[in-house]
Amino acid sequence: SVALSIYFFFASVIRERVMLALLISIALVVLNGTWIVPWYLPRPQPAVGDLVRVLAFNINVANDQWDAIATAVQSVNPDIAVLIETSPEATAELSQRLGNVLPSVYRTSGGGLTILSRFNLISPESKQLNGGIILSTSLQINQKVVKVVAAHPIVPVKPNLFRQRN
């Protein structure tokens, strides 16, 4: 009976110490978190310079719903639209439908990347890489030359395509 009393006494003391240690640990984690968490949260940045709206849209090479695609692009009202998986026919049809708002057009020689822009395209080019095709061009936006690069990498559905892409 005395041994049992001593056991319960030490058990309650240990339990109180564990609970106290747990509460102190939680308080320290919360205190530490107030210093560290803000490092990982985005900070609001004031807009500087000209705002340009860019749309990247994979239309799927088999999609021939030109009016629906043009309506979707116009609903976003982009300054620059990069269309992915475009055929020569898609580029012709969409540049005809969107030419009044996005008059500058370039399509890569392979890979199906098309850029339509309100701004003049300066030296657009396509580059074939092991991992896919890249479209590169410069744009003159309010006395500033801006470089635009669009890519359509190979989809890594097989291990060899994963290695080739990366």
Side-chain angles (χ1 to χ4, degrees), residues 26 28-166:
I26 290 171
L28 290 174
V29 166
V30 169
L31 180 64
N32 193 24
T34 60
W35 287 90
I36 294 175
V37 169
W39 296 348
Y40 296 98
L41 297 176
R43 294 183 195 148
Q45 300 288 328
V48 178
D50 303 315
L51 297 178
V52 177
R53 185 178 295 236
V54 179
L55 169 70
F57 186 5
N58 188 327
I59 66 167
N60 188 331
V61 72
N63 187 352
D64 61 358
Q65 298 177 8
W66 314 127
D67 290 329
I69 296 168
T71 300
V73 170
Q74 288 173 332
S75 71
V76 175
N77 191 27
D79 297 305
I80 302 163
V82 176
L83 304 179
I84 303 164
E85 291 192 19
T86 56
S87 64
E89 179 186 12
T91 300
E93 292 288 339
L94 293 170
S95 63
Q96 178 184 349
R97 286 168 173 77
L98 298 167
N100 58 333
V101 289
L102 301 169
S104 297
V105 179
Y106 175 78
R107 182 180 182 276
T108 59
S109 55
L113 287 172
T114 298
I115 186 168
L116 299 100
S117 174
R118 289 187 204 283
F119 310 105
N120 290 330
L121 304 177
I122 303 168
S123 304
E125 61 182 344
S126 59
K127 296 179 182 178
Q128 183 71 40
L129 302 176
N130 286 342
I133 193 83
I134 296 209
L135 182 151
S136 172
T137 188
S138 295
L139 304 168
Q140 181 81 30
I141 302 175
N142 298 334
Q143 287 72 43
K144 295 178 187 168
V145 176
V146 177
K147 186 75 166 184
V148 175
V149 178
H152 187 223
I154 293 173
V155 180
V157 293
K158 297 178 183 175
N160 66 326
L161 294 176
F162 178 81
R163 283 188 299 276
Q164 185 178 0
R165 183 193 71 174
N166 292 335

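Computed from heavy atoms alone, side chains included, the values below leave out hydrogens, waters and symmetry copies. Here, residue 1 is the first one in the sequence, and each next residue gets the next number.
Summarising the geometry of N58 relative to H152, their closest heavy-atom pair is ND2-NE2, 4.0 Å, with the distance given to 0.1 Å. The two atoms that bring S95 and L116 nearest to each other are CA-CD2, 4.1 Å, heavy atoms only. Across every non-hydrogen atom of R53 and V76, the tightest pair is CD-O, 3.0 Å. When all heavy atoms of V73 and A81 are compared, the pair lying nearest together is CG1-CB, 4.3 Å. For the residue pair R97 and A70, the shortest heavy atom distance occurs at CB-CB, 3.9 Å.
Using a cut-off of 4.0 Å between Lys/Arg side-chain N and Asp/Glu carboxylate O, R118 and D79 are scored as salt-bridged.
Using a 4.5 Å heavy-atom cutoff, the side chains of V105 and T114 are in contact. Taking 4.5 Å as the limit, some side-chain heavy atom of E89 sits within range of a side-chain heavy atom of W66. Inter-residue side-chain proximity for S138 and V146 is flagged as unmet; no heavy-atom pair is nearer than 4.5 Å. The shortest side-chain heavy-atom distance between I69 and E93 does not fall under the 4.5 Å cut-off. The shortest distance between side-chain heavy atoms of L102 and P78 falls below 4.5 Å. Within the 4.5 Å cutoff, the side chain of T86 has no heavy atoms near those of the V61 side chain.
Here the side chain of N32 pairs no donor or acceptor atom with the backbone of L28 at under 3.5 angstrom. Listed for the S126 side chain is no donor-acceptor partner under 3.5 Å among the backbone atoms of I134.
Side-chain atoms of K127 and S136 include no donor-acceptor pair closer than 3.5 Å.
Across T91, I84, L83, a single residue satisfies side-chain contact (heavy atoms from CB on, under 4.5 Å) together with L113, and that is I84.
Around the CD atom of Q65, the shell of radius 6.0 Å holds no more than 12 heavy atoms that belong to other residues, nucleotides or ligands.
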Step by step, work out the side chain to side chain contact (heavy atoms under 4.5 Å, CB included) result for L121 and S104. CA-CA 6 Å; L121 304 177; S104 297; 3.7 Å; yes

Between Q140 and V145, does the side chain to side chain contact (heavy atoms under 4.5 Å, CB included) criterion hold? Intermediate values first, please. CA-CA 5 Å; Q140 181 81 30; V145 176; 3.5 Å; yes

Step by step, work out the side chain to side chain contact (heavy atoms under 4.5 Å, CB included) result for V148 and L139. CA-CA 7 Å; V148 175; L139 304 168; 3.5 Å; yes

Please assess F119 against V52 for the test side chain to side chain contact (heavy atoms under 4.5 Å, CB included), listing each intermediate value before the final yes or no. CA-CA 10 Å; F119 310 105; V52 177; 4.2 Å; yes

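Taken to the nearest 0.5 Å, the OH atom of Y106 stands 8.5 Å off from the OG1 atom of T137. With rounding to the nearest 0.5 Å, the separation of OG in S117 from CG in L98 is 12.0 Å. In this structure, CD in Q74 is found 6.5 Å from CG in N100, a value given to the nearest 0.5 Å.
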